[in-house]
Amino acid sequence: MVKLYCKKTVKRVFSFCIFLAMIFSLPTTSFSANSKESTCYQQTARLLANQSPNGVTSIGGEWLVLGLARGNYSVSKDYYTNYKEKVVDVLKEKSGVLSTTKYTEYSRVILALTSIGEDVTGALGYNLLSYLADFTKVKRQGINGVVWALIALDSNNYSVPTGDSTDATTREKLIDYILGKELSAGGWTLVGNTPDPDVTAMAITALSKYYNSNKEVKSAIDKGIDVLSDIQKSSGNFSSGGVVNCESVSQVIVCLSSLGINPNTDKRFICDGKTLIDVLLGFSLGGGGFAHQKGGDYNQMATEQGFYALVSYKRLLSKKTPLFDMTDVFKSDNNADSENAVGNKIPESNNTQNGEQSNSNNNSNSGNRKSNYSSKNKNTVVNSGDSNGEKTNSNNRNEQVKNSDASRVSNASNIFSENKTEEKNLKETTANNKNSNREKETENSANSLQNGEQSNSLDKNAKQQNGEEKQGSNSSIVICVILSALLLLIALFVVLRVIKRRKKFKGEK
């Protein structure tokens, strides 16, 4: 009888231990201290924090500041102050006119200043929002100018200033313009009829706030998500301009995170067992940073975009507002959404009823889309001649570039794609001209970064990183100690029960 009781007790204890093990093995809601994404995040953040941001520039400027600010990464006391002062200097030098053709310049600066809690309505001597008041000027860059104007205005629920224009900007006009540029089968592009992953992802990011309140937006986003899944390669990568690159994956991660979709678990974007986070980390470099293409060297633009993609994913796991929803920065002033607020969520595929309904609504069109786009099971490449006018070497587009702006790829480029285009075209040019200015800048940037890593400030941030990693390790140790204590108590309880049973059994004899 005692033996039978002991066997039953052992089985119960064993089952309980398995149950505890299952609980502790469940995915965490934040980066674990020793995970690959956490290591990449910390190393890249440390690398970027040792760079001095420039003012009003899409590489080494606004996205650098925004990524660190939204990641809440600790930087030097005067880091953001120096950036703000440089922006003020540029504004004074240009009398507030950053560009007469590329209004994404204003949108980008608005986003960066908002991320660090600065007033963009006049505290710097200029109301940056006023430059977005003329819709005719905003849409000069096509969909890119409109997309980033909407993201900038929504970053802190800014009101559109009234101006003298007869074509005043409104949110309705911005939304309708983006919807009007949607391709017939879904998705967006700069030129042609083939959807581009970058443009599609950025358009969805801009519209994400209106997913639950606008039926047309919801339909466009649902189709756009399916398009992104369709054009994803079997390796999990995305190709823009015929080139598989880090930035495209980054934009898709930001897009999904803005909708509340986990890019690390959604089945629609898992290829060959790899999630989008796995794919992004495939471009990462040892010691921090990202390459534009796999196996390539350090690339500043890829690093900045890859980093804030990780930031957007990290914020999603922490249930904070999306990357470009910065109302949390000003929540004490305007009763904005709390840090725990999550964006307008689209359920993950096969996870919720609404998600299944969303997928079923688009099933009728998915067959046609798959015939037009590259399948995950095929290694087809998106037609670069149609999908990325500014990102290719089209002679007509390059002639326009030279006439309109010799330092950029085109007036139609957005904050991200204009620089991506510039770098891609320069890389192609260096095949015939090894003395390309871009390549020199990249080499100088890489050298300066290596020197920066040897600086005292880097040592300081490295200590901070070690402290954070130790804190994560301490948490793991605490969990192990608690689990061990529970098991010890269970074992003690079993022993006492057995002893008690034996005494009772002897008494009965």
Can you tell me if [X] uses its side chain to pair, donor with acceptor, with the backbone of [Y] under 3.5 Å?
X	Y	result
Ser95	Val97	no
Arg140	Thr100	yes
Ser115	Ala112	yes
Asn245	Ser248	yes
Thr303	Phe290	yes
Ser99	Glu105	no
Lys36	Leu281	no
Gln232	Asn237	no
Asp196	Val199	yes
Ser155	Ala152	yes

For the residue pair [X] and [Y], confirm or rule out a side-chain donor-acceptor distance under 3.5 Å.
X	Y	result
Ser257	Lys314	no
Tyr106	Ser130	no
Glu247	Gln251	no
Tyr210	Asp154	yes
Tyr80	Glu118	no

### Identified side-chain contact (heavy atoms from CB on, under 4.5 Å) partner of Glu62 from the options Val109, Leu111, Asn54
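That would be Val109.
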### Message
Are Tyr41 and Phe307, when compared by the centres of their aromatic rings, separated by less than 6.0 Å?
### Response
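Yes, the ring centres sit under 6.0 Å apart.
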Nearest 0.5 Å please: distance from the [atom1] atom of [X] over to the [atom2] atom of [Y].
X	Y	atom1	atom2	answer
Leu91	Leu128	CG	CG	6.0 Å
Asn72	Ser318	CG	OG	9.0 Å
Leu47	Asn50	CG	CG	7.5 Å
Ile151	Met202	CD1	CE	8.0 Å

### With sequence neighbours excluded, residues passing side chain to side chain contact (heavy atoms under 4.5 Å, CB included) with Asp278
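Asp278 satisfies side chain to side chain contact (heavy atoms under 4.5 Å, CB included) with Lys274, Thr275 only.
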### Message
Please determine whether side chain to side chain contact (heavy atoms under 4.5 Å, CB included) holds for the pair Met326 and Thr321, giving the CA-CA distance in whole Å, both sets of side-chain angles, and the decisive distance to 0.1 Å.
### Response
CA-CA 7 Å; Met326 305 178 200; Thr321 57; over 6 Å; no
### Query
For Lys84, what residues pass the side chain to side chain donor-acceptor pair (under 3.5 Å) criterion, not counting sequence neighbours?
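With sequence neighbours excluded, Lys84 shows a side chain to side chain donor-acceptor pair (under 3.5 Å) to no residue whatsoever.
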### Task
Not counting sequence neighbours, which residues clear side chain to side chain donor-acceptor pair (under 3.5 Å) with Asp89? List them please.
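In terms of side chain to side chain donor-acceptor pair (under 3.5 Å), with neighbours along the sequence ignored, Asp89 is linked to no residue.
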### Query
Is the closest basic N to carboxylate O distance between Asp325 and Arg70 below 4.0 Å?
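No, no charged N to carboxylate O under 4.0 Å.
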### Trp63 and Tyr308 aromatic ring geometry - parallel, tilted or perpendicular at 30°/60° bounds
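Tilted, since the angle between the ring planes falls between 30° and 60°.
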